[in-house]
2 protein chains.
Amino acid sequence: MGASTSLDESAPIDPRSSLEGTTTDPVGSSAQRERRQRILDATIALATEGGFDAVQMRAVAERADVALGTLYRYFPSKIHLLVSALGREFDRAQVAWASRTIPGGTPADRVVHVLRRTSRGLGDRHLTEALTRAFMFADSSAQVEIEKVGIALTKMLTHAMYPDQRDVTDDDMTVARVIGDVWLSALVAWVTGRSSDEETARHMDRAVRMILR
Amino acid sequence: MGASTSLDESAPIDPRSSLEGTTTDPVGSSAQRERRQRILDATIALATEGGFDAVQMRAVAERADVALGTLYRYFPSKIHLLVSALGREFDRAQVAWASRTIPGGTPADRVVHVLRRTSRGLGDRHLTEALTRAFMFADSSAQVEIEKVGIALTKMLTHAMYPDQRDVTDDDMTVARVIGDVWLSALVAWVTGRSSDEETARHMDRAVRMILR
DNA sequence: GACAGAAGTGAAACGTGTTCCTATTATGTC
DNA sequence: GACATAATAGGAACACGTTTCACTTCTGTC
């Protein structure tokens with residue numbers, strides 16, 4: 001009944017895909033790539049409309065026009081699905097930033113700018129809520145997808161800190177990760193309604209300027 | 001069918017309880033207080049044994065020797081239940097630290113010490129996983145319980161930074177919150193198996209010394 | 001002690017994530 | 001083009017959080 005190869009757990013799609021090319025993964029038949037994109041599109045659409053709870057597996061399958069079993073073949077759980085969607089969005093954002101000059105005279109200014117834009121780019125609160133919750137809830141079975149998100153985020157942050165392609169030191173990585181940590185916590189507080197827009201923005205601003213002082 | 005007063009959403013037990021006295025809340029009959037403690041004990045026990053997934057509402061009810069409906073009367077959801085349990089643990093920890101001299105010659109040393117001990121004090125990975133996940137997943141309906149956790153954590157951290165009862169400035173609060181943010185993210189990475197014990201400890205150590213530099 | 005209302009019990013039922021199974025359709029090989 | 005194999009469809013079934021409800025037990029008041 002089950003599949004035969006060792007890649008079963010990560011769907012028939014090669015996990016390394018979107019770290020290299022975002023839209024044209026050389027993996028699977030073209031029908032499979034399209035199906036995968038349709039599923040992710042449906043996920044983002046449902047998440048945007050109603051957040052985490054609205055991303056119901058049956059609804060995703062129906063909107064993507066695949067059977068429920070097929071959905072589970074591509075993404076072994078709702079968490080994998082949402083984290084993969086988050087990964088695709090981050091990937092796109094990171095690629096977009098890489099080829100752009102980030103405004104701001106100091107690393108802190110630029111980092112704050114990128115974080116604000118990325119928050120906004122994630123869409124409304126619903127979408128952010130769905131993706132953030134999935135990320136925080138994911139266990140090690142979604143490690144590959146999680147790491148992709150982390151790598152994209154770190155790239156964005158280090159690029160914002162030092163736009164010239166200077167070597168990234170160990171310390172820089174720690175800084176980037178700490179900022180990412182604070183940002184995630186702030187997002188969680190925001191999407192769960194514990195912190196207002198203003199409070200969140202102010203906290204991030206302070207935190208970044210403190211860390212990058 | 002529902003209750004009549006405005007306190008319905010937070011169970012028949014007064015929410016302000018454990019911010020003042022941890023074990024002898026002057027709220028509800030003694031039978032109610034005992035039931036509440038039994039429920040929280042059962043929650044901690046199950047979480048310790050098998051983590052978030054093992055804390056099943058039917059299992060908690062059975063072990064605490066209450067009906068499922070009663071459990072839901074005390075805690076309106078699994079998230080409330082776990083966050084309340086986390087709050088009780090943090091409350092106890094914070095009270096314990098308050099009356100103790102924290103070893104370490106610098107604020108960073110003392111903060112690192114407190115965080116390590118608290119992580120360990122949370123028990124094994126299973127318990128930490130259950131409580132951390134609940135905390136990250138909680139929405140604003142559990143705001144009261146969440147704030148209790150945040151206050152206890154902030155108290156612990158500011159006390160570790162400045163053991164002498166000096167005034168806590170706005171900056172100090174930001175520092176404490178940033179450290180708390182990083183700690184939570186690190187815990188999430190740890191309990192989800194994305195980061196080893198050593199990596200987690202090292203990251204926290206670096207982050208704290210960077211923030212408190 | 002009788003009574004009213006609150007609290008607790010026990011069990012059924014519902015929703016959604018997840019699994020499983022059989023029939024059908026694509027895909028690639030000869 | 002026929003066949004072997006994998007992929008998909010379609011749908012039933014299961015697990016656990018949550019709700020609901022009729023009934024019983026407790027608690028405080030007269």
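Letters A, B, ... are given to chains in the order of the sequence lines, protein chains preceding strands, and every chain is numbered from 1.
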| query | Looking at DNA chain D, which of residues 49-61 of chain B put a heavy atom within less than 4.0 Å of it? | reply | B/Val55, B/Gln56, B/Met57, B/Arg58
| Expected output: side-chain A/His126 to main-chain A/Glu49 donor-acceptor under 3.5 Å | yes
| query | Are OP1 or OP2 of D/dA7 and a side-chain N or O of A/Thr70 less than 4.0 angstrom apart? | reply | no
| request: Mind calculating the distance between CZ (B/Phe137) and P (D/dC16) to the nearest angstrom? | output: 17 Å
| message | Whole angstroms only, please: what is the CZ-P distance between A/Phe75 and C/dG17? | response | 16 Å
| said: From CZ of A/Arg73 over to C1' of C/dT18, roughly how many Å is that when rounded to an integer? | reply: 15 Å
| message | On the nucleotide C/dG8, are OP1 or OP2 found under 4.0 Å from the side-chain N or O atoms that B/Tyr74 carries? | response | yes
| query | About how many Å separate CD of B/Glu62 and CD of B/Gln56, when rounded to the nearest 0.5 Å? | reply | 11.0 Å
| query | Between B/Arg133 and B/Glu129, is a salt bridge (Lys or Arg N to Asp or Glu O under 4.0 Å) present by the stated rule, with each step listed? | reply | CA-CA 6 Å; B/Arg133 279 201 164 160; B/Glu129 183 239 2; 3.0 Å; yes
| query | Are A/Glu199 and A/Arg202 ion-paired here, with the side-chain N under 4.0 Å from a carboxylate O? | reply | no
| field | Integer-rounded Å distance: C/dG8 P and B/Arg38 CZ | value | 10 Å
| message | Rounded to whole Å, how long is the line connecting atom CZ of B/Arg35 with atom P of D/dT25? | response | 14 Å
| Spacing between B/Lys78 atom NZ and C/dG17 atom C1', to the nearest angstrom | 13 Å
| message | Expressed as a whole number of angstroms, how long is the span from B/Leu68:CG to D/dC21:C1'? | response | 13 Å
| request: Look at the aromatic rings of B/Trp183 and B/Phe90 and report parallel, tilted or perpendicular, splitting at 30° and 60°. | output: tilted
| query | Can you check whether B/Tyr72 has a side-chain N or O nearer than 4.0 Å to OP1 or OP2 of C/dG8? | reply | no
| remark: Ranking D/dA7, D/dT27, C/dT9 by distance to the side chain of B/Ala67, first place goes to C/dT9
| query | Separation of B/Glu34 atom CD from C/dG8 atom P, in whole Å? | reply | 12 Å
| field | Within 45° cone of B/Tyr74 ring axis and under 6.0 Å: B/Arg38 NZ or CZ | value | no
| request: Indicate the ring-plane relationship of B/Trp97 and B/His113, choosing parallel, tilted or perpendicular according to the 30° and 60° boundaries. | output: perpendicular
